[in-house]
There are 2 protein chains.
Amino acid sequence: MDLYGEHGFEQTTVAEIAERAGLTERTFFRYFVDKREVLFSGASSLEQFLVGIVAGAPEQDRPIEAVATAIASVADFFQERREFTLRRQSVIGTNTELQERELIKLATLTAAIAEALRRRGVREPSASLAAEAGIAVFKISFERWISGNDESNFSQIVHEHFDELRVVTTGC
Amino acid sequence: MDLYGEHGFEQTTVAEIAERAGLTERTFFRYFVDKREVLFSGASSLEQFLVGIVAGAPEQDRPIEAVATAIASVADFFQERREFTLRRQSVIGTNTELQERELIKLATLTAAIAEALRRRGVREPSASLAAEAGIAVFKISFERWISGNDESNFSQIVHEHFDELRVVTTGC
DNA sequence: TGATTGATGTCAGTGTATGTCATGACTAAA
DNA sequence: TTTAGTCATGACATACACTGACATCAATCA
């Protein structure tokens, strides 16, 4: 993160990362499948976290409600780590390859949420639609939260955007 | 496409592609920014097409209706090229890097649709939400259409999934 | 005719990523 | 205490993607 912040992602070589870590390049590639993955190591625990909340939501909750609860919790998680999140996102924002990696992590997350919904008995295509809708709301909320000031409440933005999505899809 | 189909994407070197095309590697990289881009050269015209339909939709149409019309038209476009689409998708499906590229192309498409909506006077976050919802419906419809038989009507699947999205977000 | 431009080739490099084998630390069994 | 096995790391070699600089050649224009 330091090196990527100092010189930018592309300008930083794996050799430099390895040197600062006091290891060899080869060792770097034993821990990270590629140069980008360093910034996404938290994705799998985030997935577990999300799936856990969807699975544990009250049985009578509609799919979109279970997803909304999970996304709002993730928002709280990020809010508690705002500084780090900002730093990380400013690196990702300046590099297309990193954005690609971020998108596929979000897609994986989407698939995991859909699967969790299916385990709750939700059928297709509702499960996938609810999952996609939830991640869409997350993306848009995240952008607004990042570009806003410190005081804006991320999970509140999420809830507002879920409401707005309902209005957009129905017109009422 | 032939080479990627024969040996797989990773196993195909740029040297091989260049040789089969009767050119040098250097020339390949003058036409394509990287080895993946070959499979996505149509993305920009697809974007123009989509944006054109959103911009040209009846003034009284709600944002989501304008987007739905555009997505359904794109579905028709793909349906007319089913064989090619299947071949292309089977290559993309076997390689993560290609999926990453596909996702960022879809994200670019989403941004372009949102921008077209804003030019129609739609405000944020509605514009982005409608665009994301539309692309989400497209993704899920595409998957179903690809995995189904030849006779299923892609644009009809799209419309059904837009209806289902409304049900999912509202519960009625 | 000569100058200009655009497409391509040639060549030499950098950096990411991977395979293979060696080494030393630590652990469990004999 | 020895022996064997496992694990993390290093050392080395290599492939391949991608880039910059300059050369060549043909078509076109002044």
Side-chain angles (χ1 to χ4, degrees), chain A residues 1-48 87-109, chain B residues 1-45 47-48 87-108:
Chain A
M1 275 282 292
D2 287 343
L3 282 167
Y4 290 166
E6 286 167 28
H7 313 123
F9 174 77
E10 282 171 48
Q11 282 64 47
T12 306
T13 68
V14 176
E16 288 169 335
I17 300 173
E19 194 194 346
R20 183 164 299 191
L23 292 167
T24 56
E25 262 181 77
R26 193 66 186 86
T27 301
F28 175 91
F29 285 112
R30 286 197 178 100
Y31 284 85
F32 303 102
V33 299
D34 60 38
K35 193 181 155 190
R36 293 178 281 167
E37 196 62 18
V38 194
L39 289 167
F40 300 92
S41 54
S44 70
S45 49
L46 188 68
E47 180 178 317
Q48 280 188 282
R87 241 159 62 90
R88 178 172 171 280
Q89 213 58 25
S90 87
V91 173
I92 294 176
T94 58
N95 184 273
T96 311
E97 289 182 73
L98 291 173
Q99 286 157 31
E100 289 185 340
R101 179 58 50 85
E102 178 161 61
L103 287 171
I104 207 161
K105 293 289 181 186
L106 282 173
T108 307
L109 226 52
Chain B
M1 275 283 292
D2 287 344
L3 282 167
Y4 289 166
E6 286 168 26
H7 314 123
F9 174 77
E10 282 172 46
Q11 282 64 45
T12 306
T13 66
V14 176
E16 288 169 336
I17 300 172
E19 193 194 345
R20 182 164 300 190
L23 293 166
T24 56
E25 262 183 79
R26 194 68 186 83
T27 302
F28 175 91
F29 284 112
R30 286 197 180 100
Y31 283 85
F32 304 102
V33 297
D34 61 38
K35 193 182 154 188
R36 293 178 281 166
E37 195 62 17
V38 194
L39 289 167
F40 299 92
S41 53
S44 70
S45 49
E47 181 178 317
Q48 280 188 282
R87 241 159 63 90
R88 178 172 170 281
Q89 213 58 24
S90 86
V91 174
I92 294 176
T94 57
N95 184 273
T96 311
E97 289 182 74
L98 291 172
Q99 286 156 30
E100 289 184 341
R101 179 58 50 86
E102 179 161 58
L103 287 171
I104 207 162
K105 293 291 180 184
L106 282 173
T108 307

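To find a chain, count down the sequence lines: A is the first, B the second, and so on, and within it residues start at 1.
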Boundaries of the chain A footprint along DNA chain C (any atom under 4.0 Å from a heavy atom)
dT16(C) to dT20(C)
Between CG on residue N95(B) and CD on residue Q11(B), distance to nearest 0.5 Å
9.0 Å
Pair Y4(B)-I17(B), side-chain contact (heavy atoms from CB on, under 4.5 Å): steps then yes or no:
CA-CA 9 Å; Y4(B) 289 166; I17(B) 300 172; 3.4 Å; yes
Salt bridge (Lys or Arg N to Asp or Glu O under 4.0 Å) contacts in which one or both residues fall within residues 11-22 of chain B, not counting sequence neighbours
E6(B)-R20(B)
How long is the line joining CZ of R26(B) and P of dT24(D), in whole Å?
17 Å
Sub-4.0 Å heavy-atom contacts from residues 13-23 of chain B onto DNA chain D, ordered by number:
T13(B), V14(B)
As a check of understanding: the bend across the helix from dT1(C)-dA30(D) to dA30(C)-dT1(D), end axes from five pairs, rounded to 10 degrees, works out to 0°
With sequence neighbours excluded, what pairs up with T27(B) under the side chain to side chain donor-acceptor pair (under 3.5 Å) test?
T24(B)
Rounding to a whole Å, what distance do you find between H7(B):NE2 and dA15(D):P?
19 Å
Nearest 0.5 Å please: distance from the OG1 atom of T13(B) over to the NE2 atom of H7(B).
10.0 Å
Just jot down the salt bridge (Lys or Arg N to Asp or Glu O under 4.0 Å) partners of R87(B), sequence neighbours excluded, or say none.
D2(B)
List for me each residue that meets salt bridge (Lys or Arg N to Asp or Glu O under 4.0 Å) alongside K35(B), sequence neighbours excluded, and say none if there are none.
none
Using the test ring pair (Phe, Tyr, Trp, His ring centres under 6.0 Å), find all partners of F32(B) that sit at least two apart in sequence or belong to another chain.
F28(B)
Provide the closest heavy-atom pair for Q99(B) versus T94(B) in the form atom of the first, atom of the second, distance.
NE2-N, 4.2 Å
Less than 4.5 Å apart, any side-chain heavy atom of I104(A) and any of E100(A)?
no
Which parts of residues 28-37 of chain A get close to DNA chain C, meaning a heavy atom less than 4.0 angstrom away?
F29(A), R30(A), V33(A), D34(A), K35(A)
Sequence neighbours excluded, which residues qualify as salt bridge (Lys or Arg N to Asp or Glu O under 4.0 Å) partners of R88(A)?
none
Listing, residues 37-46 of chain A side-chain donor-acceptor contacts under 3.5 Å, not counting sequence neighbours, or none:
from, atom 1, to, atom 2, distance (Å)
E37(A), OE1, R101(A), NH1, 2.6
E37(A), OE2, K105(A), NZ, 2.8
S45(A), OG, G42(A), O, 2.9

Name all residues meeting the side-chain contact (heavy atoms from CB on, under 4.5 Å) criterion together with T108(A); count only those two or more places apart in sequence or in a different chain, and write none if there are none.
E47(A)
